[in-house]
Amino acid sequence: MYRIVHKETVAPQVDAMIVDAPYIARHHQAGNFVVLRIHEKGERIPLTIADSDKKEGTITLLFQKIGKTTEELGTLKAGQSIMDIAGPLGHATPIEIYGHCVLVGGGIGSATLFPILRALKARKNKITVILGARTQDLLVWEDRFREYADTVLLTTDDGSSGRKGLVTEALKEVLDSAKVKIVIAVGPIRMMQAVSEQTRPYKVRTLVSLNPVMVEGTGMCGACRVSVSGKTRFACIEGPEFDGHEVDFQELASRLGFYRSEEAQAMEAFRKKCKGKCRSKGVK
Ligand code: NAD
């Protein structure tokens, strides 16, 4: 059992949880994720570790309540527990002395860039962070990013904060004006694809953190397979970060939509059962 130490809402439909998980916190490196199961009958879902505190023995998870499991996770409160959390999983982000790095975050995906920012800054890199969201309320952790980044650029689709437009527009300006060594992007698939297309003509190394369907997270089930450079790769054990210029985003997007109707049915059934005040059975 993994006890929830703190829980808060950080944006509409987005919650952050600090969870007691000393082993995971001790071994967490930027880029790692966990696979959790709320209770015995729960679905396994992957979540990137958004922060960890090795001294306190805690990890921070951010999640958008977009499916049955994330909605159920959002019903848990501080003091309650999650049954299983496996991790840290996946390869860590390669943290080197690069020079100028650009981190591009889309929506809630932005928060998972935070440990990468901190690790790159510890190696004395110069870092520009571009955070994009549909609207101001959905920009998460701006203050934390400002603490470590050299420059933070904000974009919103509706112009309610920062510049009006997409992250790729801000990225183009940075690429045109500076010698960028690496771009790391986390967010919706179409955004990571657009970022990769943007950096391609500049020949700038581009890493994207992929979020395919995952089941057990140890390379056995094959649910998370993605095509990279024409070869099948398992995101859980060979990723989750890959060269954005080599990823087949079209296939990834179509595989992610595979279970959409089942996901919608599960969500509807859960909401009916809850009538707005559901507590997970089997959770203390
Ligand atoms: P969203 O659709 O609101 O997009 C956020 C921002 O991304 C937009 O404001 C825009 O600036 C940019 N963007 C979106 N589509 C674009 C395009 N086609 N071209 C250029 N820029 C574009 O995002 P959301 O609803 O907050 O969703 C967040 C996504 O992040 C989810 O899909 C989630 O699965 C993903 N995510 C991934 C990870 C990971 O580790 N890979 C972690 C957390 C979240």
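One-based numbering, in listed order, for ligands and for the atoms of each. Just so we're clear, the structure is a prediction, and the values are computed from it rather than from any experiment.
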Could [X] and [Y] be called an ion pair, given the rule that one side-chain N must be under 4.0 Å from one carboxylate O?
X: E238; Y: K231; value: no
X: E197; Y: R200; value: yes
X: R118; Y: D51; value: yes

dist R134:CZ -> D157:CG (nearest 0.5 Å) comes out at 7.5 Å
Which of these, I85, T70, L76, sits in a side-chain contact (heavy atoms from CB on, under 4.5 Å) with I38? L76
Closest approach of any protein heavy atom to [atom], naming residue and atom:
atom: atom 10 (C) of ligand 1; answer: L166 CD2, 3.7 Å
atom: atom 4 (O) of ligand 1; answer: P188 CG, 3.5 Å
atom: atom 3 (O) of ligand 1; answer: R134 NE, 2.6 Å
atom: atom 9 (O) of ligand 1; answer: D157 OD1, 2.7 Å
atom: atom 22 (C) of ligand 1; answer: M191 CB, 3.5 Å
atom: atom 30 (O) of ligand 1; answer: G187 C, 3.3 Å
atom: atom 44 (C) of ligand 1; answer: G109 CA, 3.6 Å
atom: atom 33 (C) of ligand 1; answer: N211 ND2, 3.7 Å

Which of the numbered atoms in ligand 1 are below 4.0 angstrom from a heavy atom of [X]?
X: A133; result: 9 (O)
X: T168; result: 20 (C)
X: S209; result: 39 (C), 40 (O), 41 (N)
X: G132; result: 5 (C), 6 (C), 9 (O)
X: G106; result: 5 (C), 6 (C), 7 (O), 28 (C)
X: A194; result: 19 (N), 20 (C)

Close approach of Q64 to ligand 1, heavy atoms, under 4.0 angstrom: yes
Hey, is [atom1] on [X] packed in by over 12 heavy atoms from elsewhere, all under 6.0 Å?
X: K181; atom1: NZ; value: no
X: Y202; atom1: OH; value: yes
X: K126; atom1: NZ; value: no

Quick one: do the T135 and D137 side chains pair a donor with an acceptor below 3.5 Å? no
Side chains of T199 and H245: do they bring a donor and an acceptor to under 3.5 Å? yes
N/O separation below 3.5 Å, [X] to ligand 1:
X: T112; value: no
X: V167; value: yes
X: M192; value: no

Any sub-3.5 Å donor-acceptor pair from S160's side-chain atoms to Q136's backbone N or O? yes
Short question: side chain of Q13, backbone of K65 - any donor-acceptor pair under 3.5 Å? yes
Heavy-atom pairs closer than 4.0 Å: do any link ligand 1 to the side chain of V186, the backbone, both, or neither? side chain
